[in-house]
Amino acid sequence: MFGYVRPSDRRLSEQERETFRAAYCGLCHALGKRYGLVGRMILNYDLTFLTMVLSDGAGRTECRRCAIHPVKGCPCAEGDPALNTAADMSVILTYWQLRDGVADHGFWGGLKYRVASALLGRAYRKARQALPWFDRGARQQLDELSALERESCPTLDEPADAFARLLALAAGEIAEEKRRRVTEQLLYHLGRWIYLTDAADDLRSDMKTGSYNPLALRFAPEDGRLRPADRQALAQTMDGSVQAMAAAFELWNFGVWTTVLQTTFYAGLFRVGHAVLEGTYHRRDRKNIREIEETT
């Protein structure tokens with residue numbers, strides 16, 4: 001995944017920050033327990049969001065110590081089945097994202113993706129055994145997305161829809177029908193938003209390397225940047241996806257995670273999207289959420 005999905009730190013109380021940290025650390029421990037160090041290396045904000053959305057509020061929060069927090073420890077979600085489900089899905093999604101990078105970047109450009117996917121290979125095979133239906137669905141949607149990329153599809157909707165349907169698959173483990181439908185809609189529109197945000201973030205580098213990017217075909221970028229009118233049009237499309245997510249979110253009670261998810265939908269995604277479109281967002285920077293917000 002990509003790491004774009006994060007709450008708005010300035011709107012969280014200290015207790016709510018602790019709740020978010022509990023989900024983040026809980027997923028980290030689940031990845032470590034099931035897949036070792038290589039599993040922990042794929043942890044990011046998007047996957048933490050997936051954990052909270054899939055959770056039915058079961059489990060508890062405990063203080064856990066680890067290599068990053070060896071003395072004081074940190075709040076950590078425990079005993080929630082969604083942690084293991086999200087960990088398995090995280091490995092599958094990350095593995096196929098890496099394999100897609102191998103296919104897209106040639107031999108030398110794809111070398112880092114090839115090495116990373118090889119390191120994750122054993123974990124992927126274990127995750128595939130745990131969730132074979134999710135793996136099959138993910139591969140099908142990524143094959144469809146790859147076909148659109150090979151055809152240099154000039155529209156935004158078709159590739160964004162393929163990725164959105166991939167993410168919506170994650171709701172398949174939810175037994176309760178209404179909650180599953182709500183979660184499918186929420187994750188579908190999140191998938192569209194992530195795809196378009198990532199396309200905007202990668203536009204300059206994709207144009208330099210000649211990699212497929214629907215924004216380069218749909219608009220007329222200048223020096224790797226969209227013109228103001230085109231940025232505004234894309235922002236409206238992205239904001240429409242966020243609004244659709246928020247509408248789905250309002251149809252279900254997400255329990256202990258509600259406030260954190262609320263700040264994500266109503267503030268966090270808008271801020272990240274704005275920063276990406278303005279060229280002020282750098283996902284590799286080790287900044288906390290508050291620092292990123294101060295630039296937007």
Side-chain angles (χ1 to χ4, degrees), residues 1-6 23 27 42 44-56 81-97 99-100 124 127-128 130-149 153 155-199 214 237-254 257-258 260-262 264-265 268-269 272-273:
M1 299 287 277
F2 306 92
Y4 298 118
V5 184
R6 56 187 66 194
L27 178 58
I42 70 174
N44 66 27
Y45 288 122
D46 295 354
L47 303 177
T48 304
F49 175 89
L50 180 62
T51 302
M52 292 187 288
V53 169
L54 295 179
S55 172
D56 62 2
L83 293 167
N84 290 337
T85 300
D88 296 338
M89 290 180 175
S90 298
V91 170
I92 291 170
L93 289 170
T94 303
Y95 178 82
W96 286 114
Q97 181 188 354
R99 295 310 302 173
D100 186 57
Y124 161 70
R128 180 181 61 190
L131 296 175
W133 63 270
F134 184 74
D135 179 62
R136 287 193 300 270
R139 291 179 65 180
Q140 180 180 345
Q141 293 306 135
L142 287 172
D143 285 346
E144 181 178 333
L145 183 57
S146 295
L148 292 169
E149 292 174 351
C153 178
T155 71
L156 300 182
D157 285 341
E158 289 185 73
D161 178 67
F163 189 81
R165 283 185 275 117
L166 163 60
L167 204 56
L169 288 171
E173 282 283 277
I174 298 174
E176 206 282 325
E177 183 179 359
K178 180 180 178 181
R179 181 180 165 219
R180 184 174 63 251
R181 292 200 307 267
V182 167
T183 306
E184 283 176 348
Q185 284 299 303
L186 193 157
L187 291 175
Y188 174 86
H189 291 289
L190 177 65
R192 283 183 59 86
W193 182 87
I194 288 176
Y195 184 86
L196 295 174
T197 301
D198 187 58
T237 299
M238 292 165 57
D239 289 352
S241 292
V242 177
Q243 290 160 8
M245 276 183 264
F249 167 73
E250 294 294 341
L251 297 175
W252 192 259
N253 181 359
F254 287 87
W257 313 112
T258 296
V260 178
L261 293 174
Q262 190 174 50
T264 301
F265 293 128
L269 297 184
V272 170

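One-based numbering along the sequence shown. Not measured: the values here are computed from a predicted model.
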Which atom pair, heavy atoms only, marks the closest approach of [X] to [Y]?
{"X": "Leu47", "Y": "Ile42", "answer": "CD1-O, 3.2 Å"}
{"X": "Ala138", "Y": "Leu169", "answer": "N-CD1, 3.6 Å"}
{"X": "Leu27", "Y": "Thr48", "answer": "CD2-N, 3.8 Å"}
{"X": "Asn44", "Y": "Gly3", "answer": "ND2-N, 3.8 Å"}
{"X": "Trp257", "Y": "Ala23", "answer": "CZ3-CB, 3.5 Å"}
{"X": "Leu187", "Y": "Ala168", "answer": "CB-CA, 3.9 Å"}

Worksheet item: Arg179 side chain to Leu54 main-chain N or O, any donor-acceptor pair under 3.5 Å?
Response: yes

Discussion item. Quick check against the 3.5 Å criterion: does Asp46 have a side-chain atom that pairs as donor or acceptor with the backbone of Val5?
Written reply: yes

Worksheet item: Do we see a donor-acceptor contact under 3.5 Å between the side chains of Tyr195 and Asp161?
Response: no

Worksheet item: Cut-off 3.5 Å, side chains only: do Asp135 and Trp96 have a donor facing an acceptor?
Response: yes

[X] [atom1] to [Y] [atom2] distance, which is reported to the nearest 0.5 Å:
{"X": "Leu167", "Y": "Thr183", "atom1": "CG", "atom2": "OG1", "answer": "11.5 Å"}
{"X": "Tyr124", "Y": "Thr94", "atom1": "OH", "atom2": "OG1", "answer": "12.5 Å"}
{"X": "Arg181", "Y": "Ile174", "atom1": "CZ", "atom2": "CD1", "answer": "12.0 Å"}
{"X": "Thr85", "Y": "Leu50", "atom1": "OG1", "atom2": "CG", "answer": "9.0 Å"}
{"X": "Leu93", "Y": "Leu166", "atom1": "CG", "atom2": "CG", "answer": "5.5 Å"}
{"X": "Thr237", "Y": "Trp193", "atom1": "OG1", "atom2": "CH2", "answer": "14.0 Å"}

Worksheet entry | Lys/Arg-Asp/Glu bridge criterion (N-O < 4.0 Å) met for Arg192, Asp157 | yes

Practice prompt. Decide, yes or no, whether a salt bridge links Arg180 with Glu173 under the criterion of side-chain N to carboxylate O below 4.0 Å.
Written response: no

Worksheet item: Would you say the side chain of Arg165 lies within less than 4.5 Å of the side chain of Tyr188, judging by non-hydrogen atoms?
Response: yes

Worksheet item: Given side chains that start at C-beta, do those of Thr264 and Arg6 come closer than 4.5 Å, heavy atoms only?
Response: no

Item to complete: Check Leu190, Leu196, Thr197 against Ile194 for a side chain to side chain contact (heavy atoms under 4.5 Å, CB included) and give me the one that passes.
Response: Leu190

Discussion item. How about CZ on Arg139, more than 12 heavy atoms from neighbouring residues, nucleotides or ligands closer than 6.0 Å, or not?
Written reply: no

Item to complete: Using the ring-ring contact (aromatic ring centres under 6.0 Å, His included) rule, take Phe265 and Phe49 through it: C-alpha gap first, then chi angles, then the decisive distance, then the call.
Response: CA-CA 11 Å; Phe265 293 128; Phe49 175 89; 5.7 Å; yes

Discussion item. For a side chain to side chain contact (heavy atoms under 4.5 Å, CB included) check, start with the C-alpha distance between Arg128 and Asp88, then their side-chain angles and the critical distance, and finish with the verdict.
Written reply: CA-CA 8 Å; Arg128 180 181 61 190; Asp88 296 338; over 6 Å; no

Discussion item. Just checking Tyr4 against Tyr45, ring centres under 6.0 Å apart?
Written reply: no

Discussion item. Could you walk me through whether Phe249 and Val182 satisfy the side chain to side chain contact (heavy atoms under 4.5 Å, CB included) test, starting with their C-alpha distance in whole Å, then the side-chain angles of each, then the deciding distance to 0.1 Å, before giving a yes or no?
Written reply: CA-CA 7 Å; Phe249 167 73; Val182 167; over 6 Å; no

